[in-house]
Amino acid sequence: MFEQSISTLAQKLRNKDISSVELTHLFLNRIAEIDPQLNSYITVSEQHALEQAAAADILIQSGKGTNLTGIPVAHKDLFCTQGTLTTCGSKMLSSFIPPYESTVTSRIQQSGAVMLGKTNMDEFAMGSSNENSFYGAVKNPWNLNTVPGGSSGGSAAAIAAGLAVAATGTDTGGSIRQPASFCGITGLKPTYGRVSRFGMIAYASSLDQAGPMAKSAEDCAHLMQAMSGFDEKDSTSSETPTDDYLTNINTPLTGLKIGLPKEYFGDGLDADVADVIMAAVKEFEKLGATVKEISLPNLQLSIPSYYVIAPSEASSNLSRFDGVRFGHRCDDPKDLLDMYTRSRAEGFGTEVQKRIMVGTYALSEGYYDAYYLKAQKIRRLIKEDFVKALSEVDVIMGPVAPTTAFSLGSKTSDPVAMYLEDIYTLSVNLAGIPAMSVPAGFVDGMPVGLQVMGNYFAEAKLLNVAHQYQQHTDWHLQSPAMTKGAKA
Amino acid sequence: MNWEVVIGLEIHTQLSTKSKLFSGAAVGFGAEPNTQTTLVDLGMPGALPVLNKEALRMAVMFGHAIDAEIGMTSVFARKNYFYPDLPKGYQTSQMDHPIVGIGHLDVTLEDGTTSRIGITRAHLEEDAGKSLHEDFQGMTGIDLNRSSTPLLEIVSEPDIRSAKEAVAYVKMIHSIVTYLGICDGNMAEGSMRCDVNISLRPKGQTEYGTRTEIKNVNSFRFIEKAIYTEIERQADILEDGGRIIQETRLYDPEKNETRSMRSKEDANDYRYFPCPDLLPIVLTQDYVDEIKASLPELPSQKAERFQSEHRLSEYDAHVLSSSRAMADYFEAANTIAKDAKLTANWVMGELSKLLNQEQLDIQNTPVKANSFGELVARIKDNTINGKTAKDVLQAMWEGEGSADKIIEAKGLKQVTDTDAIESMIQTILDANANQVQQYRSSDEDKQKKMIGFFVGQVMKASQGKANPGIVNPILAKMLKG
Amino acid sequence: MSIDKQDVQKIAHLARLALTEEGADQYQHSLSSVLALVEQMQSVNTDGVEPLSNPLEMTQRLRDDIVTEENRRDAFLANAPQTEAGLFLVPKVID
């Protein structure tokens, strides 16, 4: 039951082989049994889930509902959910219960899906290992001594361990793709503006994008169908009509032009990971695709550009956490300044404070041109690289991360080493194009994700490419050993 | 030393939209605290702004009214600073690319001189909330109803050289924004607030002296007084060989002095950058032209029309057109009175006097324009004379009814019947035979002086109802004998 | 580019973050290493390149001027650390 696809489960629900309440119970029990080892959930909303499941059962009985009706899913804990604790992985919001609902969770709720709970994450989505959570690190179900990746590490680990059928994540610099890669699941970061940011707690507004995470591309397509599309509450939401993400998912890949950027296969890429990626590319060739080498010359610059733009925006976005209207306030402030500085220093973790400081510095008088403006110019160069490449090929492929999941604690002391982990993912956010992580094999028992990047609004194409690959491979169907003995 | 005063003004005008600049919450003065707020105005996590169409249109209207360059691409930026009434920790404003660029305004002073004041820019921004300093267990209360209310900040060049000129400029801006209907102009409620930048320099020097900024001065009178006291303060310091510190100051109307605002001294670095939650606003030429074409008549245009169409003097035209409400009142009254000069005199004279006495705006006068026009018409057709008209206006003011009703009820109609006047005069001449004798034996100059006595007697006898225009020639003829 | 402790203190103040002596040392070290990373950008010639602030380069959409929100004060105040009489309370603000 925990490894089945959304369409199989939807069929079973419609056939009354199982009710949504039963299915939800199964998942809740499994969370109770397995999650203490993983720490993938911050909040399990049991009662709420069972109420939604009961409502879904009525909807299914009346012959209404969508493929998602009655399906248990989880949400990254930065989507505001009305009446349910929303922490963003931070002490700052450890008692924040929003009186409003994000557009993403609201749309998924309207489709009839059941929310099991809120998943763990790096605080304010800042991190690549999920070790920066006030609620503790998340463990990778494939090896409990390694990280699940971040910042959507809770969502990725939960799906890999069968603790949710699908989940939402957000990706500012790789936060959907990298944990998907580390945990052996499928994740899609859509085009910037494709999914509404309303009610999603911001990290870096011009880079943040929500997307689906699930076992397969097809399941991602189901979730994408519900969550994407124009939202008048978000000025940066695109009015470009959405595609039907399932209609063309079976289109054969004959003639597909794949570009392999040489910069993605240079120094720093683990040789075994490279082998897995090249094997996946070979598989595509068998499916009728052609491959050519391309160049994205400014790839290296994506790291400095990103680590100026993201912290700058974050430093401003996180100013609202001031202890006045919501969030943590220190005890007995002696004056206003004391309230601000102590509430924020106590409420935010080290990495968040560090990025706020970097961003504050980059925007400050005398440095703006050298840092922020320069980074924005480089951002254009990076975008132009992609535009040029994507005029020659249909999709670009490469690794998601230089290695498989690394050991817990191995990079926490050196922030810059951690930042370099994001080399293959950051440029996609700077350019705003869509990209996926697709399970493509294993190195020493740890999953490796293939990154598939496409043109603006080409989500349907990416899902089609990934789905065709998954029709011919079974990497995405593998389950970690730890879940095998589970009773539930 | 002979000092030259250099003044630049930043005027925040609250745009009269129904909803806020970036949210669908209502805008209004005096609501219960925090009842006109939504996610965006409270800076809740995940809240996002969407720009109000009407606020943008109003800003463009103002740009046209001051002949400014319209920013065809304008950008919102974040001005970052912490303050409890600033919920997001930044104010969404415009920095490098404002909606309104360089423009100008011609300002006429009371002595008739006109000077051109440059306007650097006008930009859209959101207002902050309010801090209430009443004592809440020794704490400050924050009301965010005003948060995200649309403001147009109008920034002048340092072209102003006196307090009087500053006030004339602010009045002009006030009259433009109220004419355009983009601001209610209610300064007492903070719909228009001024920051005044002042510096002094020795006459003849070209570089500017160090300036101070007086924040939030909110009446014409206080602007003038604040400038005078600040000029005096700066001159005293400079003449003692001291230096002016660049700082923000507050005007205290009770003590009539400015004092330093230390809390704002905190070396601010606002870290402006383009707001990533909002996109560049790109206007089309059609949109801009359409707004220009639909602009209402502006004060200066109205003043010219009053001169050409109603033959008013430049001064009268200027005074009447300075407020849209007064201009509208004048025109409405005149359609009934049909004598522009007479109507203008009565609006600017007796009516304004009563309004001043009662400290009322013309919008709130108890005598409506058409009733006032009827009164003027009765003066014009000689039903009553000017002196009686003042009493009638007073009665109208006190709600005793229309001019005609009051004239009728009190029997104030002028006597215009020639026979009646002749017989009244005859009675007076008979009763004052000595004076008549004296008159007839005097020379012309003396006679001119003496005739007032007889007119006075006639008015007394008629209880002021005799029409002087009819009395005078008859009296002159009968005195001749 | 390295930054000194005074810079760290100034930035922390601007960002309203309380800083311990020990924290200042750590931040000085980690900020310097991030800034060194970021310094790579200076080697690239970006003359004549327009800065890109939004990947889609869309323009601002406008909202009709209508009141769409009703008063939900109690729901919003529920998350506040301290309130009274419908107001958010903060330590005394001195102008």
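All chains are named by letter (A, B, ...) in the order of the sequence lines, taking the proteins before the strands, and each is independently numbered beginning at 1.
With a threshold of 4.5 angstrom between heavy atoms, A:M357 approaches chain C through its backbone and through its side chain. C:Q60 touches chain A through its side chain: at least one heavy atom from C-beta onward sits under 4.5 Å away, while N, CA, C and O do not. Only the side chain of A:Y456 comes within less than 4.5 Å of a heavy atom in chain C; its backbone stays farther off. Within the 4.5 angstrom heavy-atom criterion, only side-chain atoms of C:M58, from C-beta onward, approach chain A. Only the side chain of A:T191 has a heavy atom closer than 4.5 Å to any heavy atom of chain C. At a 4.5 Å heavy-atom cutoff, A:S343 makes no contact with chain C through either its backbone or its side chain. Looking at A:F321, there are no atoms closer than 4.5 Å to chain C (heavy atoms on both sides), in backbone or side chain. A:Y372 does not touch chain C: none of its heavy atoms, backbone or side chain, sits under 4.5 Å away. For chain C, the nearby parts of A:V358 are the backbone and the side chain; heavy atoms of each come within less than 4.5 Å. Heavy atoms closer than 4.5 Å to chain C are found in the backbone of A:D234, but not in its side chain. With a 4.5 angstrom heavy-atom cutoff, C:L77 does not touch chain A via any of its atoms. For A:A370, the parts lying under 4.5 angstrom from a heavy atom of chain C are both the backbone and the side chain.
Here the options are A:K374, A:Q376, A:K377, the test is side-chain hydrogen bond (donor to acceptor under 3.5 Å, both in side chains), and the partner is C:T46; only A:K374 passes. If you run side chain to side chain contact (heavy atoms under 4.5 Å, CB included) between C:P55 and each of A:R379, A:R380, A:K383, A:Q209, only A:R379 comes through.
Side-chain contact between C:R72 and A:P99 is present, with heavy atoms from C-beta onward closer than 4.5 Å. Residues A:T341 and C:L17 form no side-chain contact, since every pair of their non-hydrogen atoms from C-beta on lies 4.5 Å or further apart. Side-chain contact between C:H13 and A:Y340 is absent, with no heavy atoms from C-beta onward closer than 4.5 Å. The shortest distance between side-chain heavy atoms of A:Y361 and C:K10 does not fall below 4.5 Å.
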*Would A:D335 and C:K92 count as a side-chain contact (heavy atoms from CB on, under 4.5 Å) if you check the C-alpha gap in whole Å, the side-chain angles of each, and the deciding distance to 0.1 Å?*
CA-CA 7 Å; A:D335 57 26; C:K92 197 129 205 87; over 6 Å; no
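Note on A:S238, A:G347, A:S319, A:S315: by heavy-atom pairs under 4.5 Å with chain C, the leading option is A:S238.
Here the OG atom belonging to A:S235 is positioned 9.5 Å from the CZ atom belonging to C:R63, to the nearest 0.5 angstrom.
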